> 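Encoded as structure tokens, here's the structure I'll be asking about.
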Amino acid sequence: MAKMFVSSFKDLLPIILVIAFFQILVLKQPIPNLAELIIGILFVVAGLSFFIKGLEMGLFPIGESMAYDFARKGSVFWLMVFAFCLGFGTTVAEPALIAVADEAATVAAEGQMIADSDAARENYALGLRLTVAVSVGLAILVGVLRIIRGWPIQYLIIGGYIGVVIMTVFAPAQIIGIAYDSGGVTTSTITVPLVTALGVGLASSIKGRNPVTDGFGLIAFASLTPMIFVMLYGMVVLS
Amino acid sequence: MIGDLFNTLISTIRDVVPIAIILFGFQLFVLRRKIPNLGRVLIGFVYVLVGLTFFLYGLEKALFPLGKLMAKQLTAPEFIGLIRQTGEVIESVDWWQYKWVYLFAFSIGFATTIAEPALLAVAIKANQVSGGSVGIWGLRISVALGVAIGISMGTYRIVTGTPLYWYIVTGYIAVIIQTVFAPKSIIALAYDSGGVTTSTVTVPIVAALGLGLASTVPGRNPVLDGFGLIAFASLFPMITVMAYAQLSEWRAKRLTVEN
């Protein structure tokens, strides 16, 4: 455990150096609440160590063992249902997404694209969250199907990019920034290890798949589809 | 302090519960199999919960307030020199006046990405399955460089007010061209590294930076220009990770030629 604390501290060191450099040399101000800062850093270091330990004991093994079990059971249907639920369920309650959706609703109300009332804002934010969650569910589903079938990832991703570019032309300008950002906020710290273990586990238990070339890529889908779907949502709701 | 810690724990549990329900529900009702080493897995989940709680609590307590304050101070008109000593406000700015902002964006993007737990998880897994040919630090540093370049370009975009999609579409074209030339084994991993970069650590500080810039640079509208930094941070790591793979392949080739 002591070794883990040292390596977690190393992970954190760049942030400490950057903040110290800018605070002292550029902004030329003292560091406020030094004691609180040190306690906070100790918590971050301990938290990171525990998280990595838990990752190797809990999240990685369960993701992999479920992938093996699904592969052995051989039911593509249930695997698809599972993939969709995992994507949808982990995204719909994601705090980063809730924050972005609320902010987007405020922006839309200020721009008079939706009525400036609490109900309209809540509706808009909820619609946005459901849109992103459905699109992440579909993304994991398609990504899992790709691993099973062995489709090359680049064609799907490049096709998705072309979709994003085409949608950008037609979507209202006010939704574009939010749509692009929503791709990045969907994948949380718990989802990423789980989905990665699932993909790698599937690719290693299906004959003819390579865990390196086929196992990764699920997160790439999960960050791509929300952009397309959010722009679609903007076209439907805002025009 | 105990109260804050408890609140963070509750919200982390709320995050984990839906995931646990889906996992155990499918395990029990669809797969109908016992989970191997159930006790160990459950302890692992508790570690993840405790770890994330401590991690978020420490960030909220120490690093986020300071990081956000610095983002605000670095973008303040007084610091940039937009207000003359006579009190007159300068309406037009030269992009170069924001040099410290670009440097801050670059270094904080790099530093927060190194500390991002999700990226570490993917790097560990990639190292495992590639039999060590994808280095943990190699991957993390190339992703962090990508985020650093992305966020500093994103701040430049906000200062100059150029449209977001120019950069994104150009970035896509670069990704497509690199996909043709990069080693096949890195492509999926490179695409993934775009999505893992922006979770717990990077987003809050970067969002504060974007909002600070968009509300202080003359002529920018926070509601239109404040978004988009995260998109930059998820695009550029794909480019740098493929570049890293191309570079290591090229070096390996040159070594074999020399020998």
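Just so it is clear, the structure is predicted and the values come from calculations on it, not from any experiment. The chains referred to below are lettered A, B, ... by the order of the sequence lines, with proteins before strands, and numbering in each begins at 1.
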> List the steps and the verdict of side chain to side chain contact (heavy atoms under 4.5 Å, CB included) for B:Leu164 and A:Tyr180.
CA-CA 9 Å; B:Leu164 176 62; A:Tyr180 283 2; 3.4 Å; yes

> I'd like to verify something: which residue of A:Thr168, A:Ile62, A:Leu12 has the highest number of heavy-atom pairs under 4.5 Å with chain B?
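Maximum pair count with chain B is reached by A:Ile62.
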
> Mind listing the closest non-hydrogen atom pair of B:Val129 and A:Val212 along with its distance?
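Closest approach of B:Val129 to A:Val212, heavy atoms only: O-CG2, 3.5 Å.
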
> Report which part of A:Leu218 has an atom under 4.5 Å of a heavy atom belonging to chain B: side chain, backbone, both, or neither.
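Contact with chain B involves the backbone of A:Leu218 alone.
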
> With a 4.5 angstrom heavy-atom cut-off, could you sort out which part of B:Leu120 is near chain A: side chain, backbone, both or neither?
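Just its side chain gets close to chain A.
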
> B:Phe29 versus chain A, heavy atoms under 4.5 Å apart: side chain, backbone, both or neither?
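It is neither, since no heavy atom gets under 4.5 Å.
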
> What is the distance from atom CE of A:Met66 to atom CD1 of B:Ile22, rounded to the nearest 0.5 Å?
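The distance works out to 9.5 Å.
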
> Check B:Ala121 against A:Leu55 and note the closest heavy-atom contact, atom names and distance.
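Heavy atoms of B:Ala121 and A:Leu55 come nearest at CB-CD2, 3.5 Å.
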
> Side-chain contact test, heavy atoms from C-beta onward, threshold under 4.5 Å: evaluate it for B:Phe26 versus A:Val81 and give yes or no.
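Contact flag for B:Phe26/A:Val81 side chains = yes.
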
> Are any of the side-chain heavy atoms of A:Lys73 and B:Arg33 separated by less than 4.5 Å?
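They are not in contact (no side-chain heavy atoms under 4.5 Å apart), so the answer is no.
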
> If I measure from the heavy atoms of chain B, does A:Val200 come under 4.5 Å with its side chain, its backbone, both, or neither?
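For A:Val200, side-chain heavy atoms alone lie under 4.5 Å from chain B.
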
> Within the structure provided, determine whether A:Phe216 and B:Val122 are in side-chain contact (heavy-atom separation under 4.5 Å).
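Answer yes - side chains close enough.
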
> Heavy-atom distances under 4.5 Å only: say whether B:Val180 touches chain A with side chain, backbone, both or neither.
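No part of it gets close to chain A.
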
> Could you check if a side-chain atom of A:Asp69 sits within less than 4.5 angstrom of a side-chain atom of B:Gln27, using non-hydrogen atoms only?
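With C-beta onward as the side chain, the pair touches.
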
> Under a 4.5 Å cut-off applied to non-hydrogen side-chain atoms, are B:Leu23 and A:Leu194 in contact?
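Yes - at least one pair of side-chain heavy atoms lies under 4.5 Å apart.
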
> Under a 4.5 Å cut-off applied to non-hydrogen side-chain atoms, are A:Gln154 and B:Lys184 in contact?
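They are in side-chain contact.
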
> Donor-acceptor pair, distance only, cut-off 3.5 Å: does the side chain of B:Lys61 make one with the backbone of A:Phe43?
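No, the answer is negative, given that no donor and acceptor are paired below the 3.5 Å cut-off.
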
> Quick check: are there more than 12 heavy atoms from other residues, nucleotides or ligands sitting under 6.0 Å from CZ of A:Phe170?
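No, CZ of A:Phe170 has 12 or fewer neighbouring heavy atoms, counting only those of other groups under 6.0 Å.
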
> More than 12 non-hydrogen atoms from neighbouring residues, nucleotides or ligands closer than 6.0 Å to CH2 on B:Trp137, yes or no?
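More than 12 heavy atoms, drawn from other residues, nucleotides or ligands, come within 6.0 Å of this atom.
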
> With a 4.5 angstrom heavy-atom cut-off, is it the side chain or the backbone of A:Leu37 that approaches chain B, or both, or neither?
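Answer is both: backbone and side chain atoms of A:Leu37 are under 4.5 Å from chain B.
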
> Grab the two heavy atoms, one from A:Gly54 and one from B:Tyr47, that are nearest each other, plus how far apart they are.
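Between these two residues, the closest heavy atoms are CA-CB, 3.5 Å.
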
> When you compare the side chain of A:Leu27 with that of B:Leu74, does any pair of heavy atoms fall below 4.5 Å?
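Side chain of B:Leu74 against side chain of A:Leu27, heavy atoms only: contact under 4.5 Å found.
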
> Could you report the tightest heavy-atom contact between A:Gly89 and B:Pro18, atom names first, then the distance?
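Scanning both residues completely, I find the closest heavy atoms to be O-CB, 4.0 Å.
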
> Enter the distance from A:Ile219:CD1 to B:Ser193:OG here, rounded to the nearest 0.5 Å.
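One gets 9.5 Å once the value is rounded to the nearest 0.5 Å.
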
> Which heavy atom in A:Ile15 sits nearest to a heavy atom in B:Ala115, and how many Å separate them?
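Reported closest heavy-atom pair: CD1-CB, 3.9 Å.
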
> Please name the pair of heavy atoms, one in A:Thr189 and one in B:Ala118, separated by the smallest distance, quoted to 0.1 Å.
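What the structure gives for the nearest pair is CG2-N, 4.1 Å.
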
> So for B:Ile168, is it side chain, backbone, both, or neither that comes closer than 4.5 Å to the heavy atoms of chain A?
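Contact with chain A is through the side chain of B:Ile168 alone.
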
> May I ask you to check whether over 12 heavy atoms, not counting those of A:Tyr155, lie within 6.0 Å of atom OH?
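At most 12 heavy atoms, drawn from other residues, nucleotides or ligands, come within 6.0 Å of this atom.
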
> Can you list the steps and then say if A:Val44 with B:Tyr57 is a side chain to side chain contact (heavy atoms under 4.5 Å, CB included)?
CA-CA 7 Å; A:Val44 176; B:Tyr57 174 78; over 6 Å; no

> Sort B:Thr179 into side chain, backbone, both or neither according to what part of it lies under 4.5 angstrom from a heavy atom of chain A.
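Only the side chain of B:Thr179 comes within 4.5 Å of chain A.
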
> Quick one: CZ on B:Phe55 to CZ on A:Phe51, what's the gap to the nearest 0.5 Å?
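Nearest 0.5 Å value for the CZ-CZ distance: 8.5 Å.
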
> Quick one: do B:Leu103 and A:Phe22 satisfy side chain to side chain contact (heavy atoms under 4.5 Å, CB included)? Show the steps, please.
CA-CA 10 Å; B:Leu103 189 65; A:Phe22 276 91; 4.0 Å; yes

> Give, as side chain, backbone, both or neither, the part of B:Arg14 having an atom under 4.5 angstrom from any heavy atom of chain A.
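When you check distances to chain A, no heavy atom of B:Arg14 falls under 4.5 Å.
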
> Less than 4.5 Å apart, any side-chain heavy atom of B:Phe106 and any of A:Val18?
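Sidechains of A:Val18 and B:Phe106: no contact.
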
> Quick one: of B:Met70, B:Arg40, B:Glu60, B:Gln128, who has the most non-hydrogen atom pairs under 4.5 Å with chain A?
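Option with the top pair count is B:Met70.
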
> Go through A:Thr196, A:Ile158, A:Asn210 and name the one with the most non-hydrogen pairs under 4.5 angstrom from chain B.
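Maximum pair count with chain B is reached by A:Ile158.
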
> Look up atom CG in A:Asp11 and atom OG1 in B:Thr113, then write down how far apart they are to the nearest 0.5 Å.
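Between A:Asp11 CG and B:Thr113 OG1, I get 12.0 Å after rounding to 0.5 Å.
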
> Could you look at B:Ala144 and say if it's the side chain, the backbone, both or neither that has a heavy atom under 4.5 Å from chain A?
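For B:Ala144, there is no contact with chain A at all, as no heavy atom is under 4.5 Å.
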
> Please determine, among B:Ile187, B:Val48, B:Leu31, the option with the most heavy-atom pairs under 4.5 Å with chain A.
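Of the options given, most contacts go to B:Leu31.
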
> Which one wins on heavy-atom pair count under 4.5 Å against chain B: A:Leu48, A:Val164, A:Ile190, A:Thr213?
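Of A:Leu48, A:Val164, A:Ile190, A:Thr213, A:Leu48 has the most heavy-atom pairs under 4.5 Å with chain B.
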
> Taking side chain as everything from C-beta outward and backbone as N, CA, C, O, which of these in A:Phe70 sits under 4.5 Å from a heavy atom of chain B? Side chain, backbone, both or neither.
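Both the backbone and the side chain of A:Phe70 come within 4.5 Å of chain B.
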
